[in-house]
Number of protein chains: 2
Amino acid sequence: MRSSVKQKEVREAILDATDSLLSRYGYKKMTIDDLAKEVGIGKGSVYLHFTSKEEIVLSHIDRIIEQLKGKLAAIAGSDEKPEERLRKMLKTRVLHRFESVQHYTQNLNDLLAAIRPSFLARREDYFSQEARIFASVVEAGQQSGDFATGADAAEIAESMILATNSLLPFNLTVQELGARKDVEKKIRRLADLLLQGLCAR
Amino acid sequence: MRSSVKQKEVREAILDATDSLLSRYGYKKMTIDDLAKEVGIGKGSVYLHFTSKEEIVLSHIDRIIEQLKGKLAAIAGSDEKPEERLRKMLKTRVLHRFESVQHYTQNLNDLLAAIRPSFLARREDYFSQEARIFASVVEAGQQSGDFATGADAAEIAESMILATNSLLPFNLTVQELGARKDVEKKIRRLADLLLQGLCAR
DNA sequence: TTCTGACTGAAATTGATTTTTAGTCAATTT
DNA sequence: AAATTGACTAAAAATCAATTTCAGTCAGAA
């Protein structure tokens with residue numbers, strides 16, 4: 001137990017350092033030597049936790065999504081009206097992703113270029129996982145009578161994910177996406193439009 | 001007059017050749033010499049119509065958007081129900097863009113990288129121009145009583161553009177976007193969700 | 001007046017050489 | 001015995017000088 005707790009801590013510390021170095025230097029200029037030094041462990045020890053540099057940054061992104069899924073699940077499980085839950089979830093989805101890379105001074109382009117194929121595959125998984133949480137709330141709303149029934153909850157959830165994707169910092173850098181408050185306004189309006197359609201009439 | 005018709009033809013021919021070379025070789029490997037040869041004019045003549053290579057490809061993209069705007073305006077001016085017009089417009093927006101680069105064997109990444117700053121600026125303009133056409137239909141629907149009133153038509157139109165942006169071949173190549181019929185299914189479902197919210201209840 | 005292609009300088013490419021770095025593993029520490 | 005390390009290696013990346021390519025120009029041809 002003791003050592004497994006320690007192991008988790010080291011793994012987390014490596015991912016923390018990854019975020020720090022990635023934001024300062026970008027992918028190519030982030031070296032494993034630097035990373036190990038930042039964590040205060042030997043270079044070889046990094047490879048006790050990860051098999052490659054690519055796996056390190058993919059795990060870093062995984063962690064961001066895990067945190068997001070945590071937030072989404074918390075909102076989904078709250079006792080607000082389904083419409084309000086979905087509204088908050090949509091906003092959270094966009095802003096969590098925005099904030100997670102807001103401090104990056106380096107472009108994310110070199111990162112994306114380096115890990116593109118494996119990242120795109122995972123991205124699809126992220127979408128499904130997020131969609132599942134959204135779908136659970138859509139379904140709840142349908143059963144409670146707040147939302148119109150008949151439509152496929154899973155399909156609606158997928159469309160919601162799709163509709164908000166262009167506000168995520170993926171192709172556009174955070175700089176190009178614009179100021180946070182503009183992004184906030186856009187997601188609010190988009191959420192309004194998306195939710196208007198769900199409510200029972 | 002005679003010569004201005006000819007001039008337009010040459011300009012169009014240059015843009016046709018641009019599409020052809022771009023799709024076969026990508027941006028960097030498309031040379032102005034090749035382009036002139038393909039059109040059957042001298043290299044210098046290319047510069048009678050455009051000031052730079054960048055302007056040529058930007059004009060090529062402009063032309064795609066102009067064609068799209070023509071299609072959108074045609075649908076917007078048809079006599080169908082506003083809801084049906086918007087549905088077709090959303091589908092057209094996504095599929096026109098998809099088809100316009102479907103034949104590209106080369107990645108669009110090198111093109112985007114080369115013209116990124118000026119392209120991103122224009123992209124915003126494209127969005128506003130398209131949004132204006134959408135807004136006109138939303139407004140018509142509000143006045144005819146088909147759509148609920150109260151909401152700002154321009155804002156709704158912007159959100160519709162935003163929501164469909166992630167299905168455009170921008171960051172993702174056509175290959176990565178998936179098969180045409182999958183894209184078609186996605187835009188259909190998304191359009192359903194977006195339109196459900198507009199209709200008067 | 002319209003058009004052209006030889007020309008130019010700047011940028012890209014090449015290939016040979018040096019430097020850096022991802023990943024390994026025998027030795028060391030705990 | 002198990003965990004950790006950092007010197008080591010092969011491969012990739014950076015460097016640089018020589019060469020080639022190419023965007024854009026302009027004097028002259030049509």
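The chains referred to below are lettered A, B, ... by the order of the sequence lines, with proteins before strands, and numbering in each begins at 1.
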Rounded off to whole Å, could you give me the NZ-to-C1' distance for the B:Lys29 and C:dA11 pair?
17 Å
Assigned partner base of C:dT30, Watson-Crick or wobble definition, under 3.5 Å:
D:dA1
Can you tell whether the side chains of A:Glu184 and A:Arg180 come within less than 4.0 Å, N to carboxylate O?
yes
Nucleotide of D:dA23, D:dT5, C:dT4 approaching B:Leu48 most closely (side-chain heavy atoms):
C:dT4
Inter-residue atom distance B:Glu84.CD - B:Met89.CE, 0.5 Å rounding:
12.5 Å
Compare the minimum distances between each of D:dG24, D:dT5, C:dA22 and the side chain of A:Ile32, then state the nucleotide with the smallest one.
C:dA22
Can you check the A:His49 NE2 to D:dT4 P distance for me, whole Å?
6 Å
Mind checking B:Ser45 for me? I need base, sugar-phosphate or nothing, with any heavy atom below 4.0 Å counting as a touch.
base
Which of C:dA6, D:dT5, C:dC3 is nearest the side chain of B:Lys43? It is C:dA6
B:Arg11 charged N/C atom sitting above B:Phe50 aromatic ring, 6.0 Å / 45°:
no
Mapping B:Lys28 and A:Lys28 onto DNA chain D by nearest heavy atom, which one lands closer to the 5' end?
A:Lys28
Spacing of B:Asp34 atom CG relative to D:dT21 atom P, expressed in whole Å:
12 Å
A:Ser20 side chain vs A:Asp16 backbone, donor-acceptor pair below 3.5 Å:
no
So what does A:Lys53 hit on the nucleic acid, given a heavy-atom distance under 4.0 Å: a base, only sugar-phosphate, or nothing?
sugar-phosphate
